[in-house]
Number of protein chains: 2
Amino acid sequence: MITKKTTTRNTDEALHGICPCMEECPLSKAIEIIGGKWKLQILCVLKSDGPIRYSELKKKVHGITNTMLTSSLKELETDGLVNRKQYNVMPLRVEYSATEMVDDLIPILIQLGKWAKKVSQSGKVDVAGDTL
Amino acid sequence: MITKKTTTRNTDEALHGICPCMEECPLSKAIEIIGGKWKLQILCVLKSDGPIRYSELKKKVHGITNTMLTSSLKELETDGLVNRKQYNVMPLRVEYSATEMVDDLIPILIQLGKWAKKVSQSGKVDVAGDTL
DNA sequence: CAGGATCCTCAATGATACTG
DNA sequence: CAGTATCATTGAGGATCCTG
C-alpha cells in the first residue's frame with residue numbers, strides 16, 4: 001500500500017524518518033509488513049494461541065482462504081515475524097509461532113488502538129478518561 | 001483494509017482491544033483512518049507545511065490525483081484529523097491543516113518506524129545498538 | 001482555484017480443484 | 001495435513017474531462 005515512487009525533498013528535517021514521502025521510509029515499510037487484510041489477525045492468533053498448526057490457525061482466522069493464509073504466512077516468515085517448524089511425520093505436521101519481533105510490536109499497536117478510540121470519541125465529547 | 005465481517009470469539013481476554021478479529025476493534029479502525037495510499041503522506045505535509053492550500057498540497061504530495069486528494073481530505077476531515085477552512089473570495093481559497101489528533105499520532109508512528117527498521121536489520125545481524 | 005463526474009486498470013483477494 | 005495451481009472477482013486507485 002503506499003508506494004514510494006516519489007522523490008520528495010521535505011524541507012522539514014524534523015519529519016525525516018517518518019514521512020512516507022521519503023525514500024526507504026521505515027513507516028511505509030512497517031505498513032507493508034503488517035498491512036494486508038489478514039496479517040494482524042494472524043499475528044494475533046499466533047500470539048495468543050502459541051505454536052499452532054496450519055489447520056487450527058485456519059479455523060481461528062475465520063474466513064481466510066488457503067491462498068491467503070499461505071501467502072501471508074510466507075511473507076510474515078520472510079519478514080521475521082513468524083517461525084515455521086515442520087515435523088516430517090505422516091500426516092505432515094507444521095507449527096507456526098510468533099517471534100519476539102511481534103512482542104515489540106504489540107505495545108505499539110495498543111497505542112495505535114487507544115489513539116483510534118480517542119479519535120472516534122472526540123466527535124462526541126472530550127473525555128479525558130483513559131481506558132488503560 | 002481489514003474488514004470485520006467475522007464474528008470471532010477470542011478466548012484470550014488479554015488481547016481484547018487489540019485483536020482485529022474482534023468487532024469494533026480500535027486497531028482496525030486506526031488502520032482504516034490512516035490507511036490507504038496517500039493519507040500518511042498528506043498528514044505529513046499538512047503537519048510540516050502548516051495550513052496549506054489545495055493546489056500547494058497537491059504539488060507537495062507528488063503524483064496524487066484530484067480524485068484521491070479530494071477523497072482523502074474528505075475522509076481525514078470526517079475523522080477529525082484535518083481542518084478545512086474556506087475563504088469565499090475569488091478565486092476560491094481553501095486551506096487545510098492537521099488537527100491535534102495528528103500530534104498524538106506522530107510519536108506512535110515514529111515508534112512504528114523504529115520497529116520496522118529493527119525488523120529489517122534483524123535478518124542480517126543481531127546488533128543491540130539503538131538508533132535513537 | 002478547488003474540486004466533481006466518469007470511465008478504466010490492475011493488484012489484492014476469493015473460489016475451486018488438485019497434490020506431495 | 002499442509003499446502004499449490006488456476007481462474008474469477010472487486011474495489012482501491014488512476015486518467016481525463018468538466019464545473020461552481
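Residue numbering restarts at 1 for every chain, and letters A, B, ... go by the order of the sequence lines.
Rounded to whole Å, the distance from NZ on B/Lys58 to P on C/dG3 is 12 Å. Across the protein-nucleic acid pair, A/Glu77 atom CD and D/dG3 atom C1' stand 13 Å apart, rounded to whole Å. Between A/Leu76 atom CG and D/dG3 atom P there is a gap of 13 Å when expressed in whole angstrom units. Rounded to an integer number of Å, the gap from B/Lys37 NZ to D/dG14 C1' is 8 Å. Between A/Asn66 atom CG and C/dA12 atom P the separation is 20 Å, expressed in whole Å. Put simply, CG on B/Leu69 is 14 Å from C1' on D/dG14, counting in whole angstrom units. Put simply, CH2 on A/Trp38 is 5 Å from P on C/dG14, counting in whole angstrom units. For the pair A/Gln86 CD and D/dG3 C1', the computed distance is 10 Å after rounding to whole Å.
The residue A/Thr67 sits close to a base: some heavy atom pair falls under 4.0 Å. Looking at heavy-atom distances under 4.0 Å, B/Ser55 makes contact with sugar-phosphate atoms alone, never a base. At the heavy-atom level, B/Tyr87 lies nowhere under 4.0 Å from the strands shown.
In the set D/dG14, C/dG14, D/dG3, the nucleotide with an atom closest to the side chain of A/Val94 is D/dG3.
The CH2 atom of B/Trp115 lies 11.5 Å from the CG atom of A/Leu27; values are rounded to the nearest 0.5 Å. In this structure, CG in A/Leu46 is found 9.5 Å from OH in A/Tyr96, a value given to the nearest 0.5 Å. Rounded to the nearest 0.5 angstrom, A/Lys74 NZ and A/Arg84 CZ are separated by 9.0 Å. The distance from atom CD of A/Glu32 to atom OG of B/Ser120, rounded to the nearest 0.5 Å, is 9.5 Å.
Minimum heavy-atom separation, B/Ile64 to B/Lys58: O-CE, 3.7 Å.
Residue A/Tyr54 places none of its side-chain N or O atoms closer than 4.0 Å to OP1 or OP2 of D/dT4. Put simply, A/Lys74 has no side-chain N or O that comes within less than 4.0 Å of OP1 or OP2 on D/dG3. Between B/Arg53 and C/dG3 there is no side-chain polar atom (N or O) within less than 4.0 angstrom of OP1 or OP2. Taking only side-chain nitrogens and oxygens, A/Arg84 comes nearer than 4.0 Å to OP1 or OP2 of D/dG3.
Where A/Pro91 and A/Thr70 each meet DNA chain D at their nearest nucleotide, the meeting point lying more 5' is that of A/Pro91.
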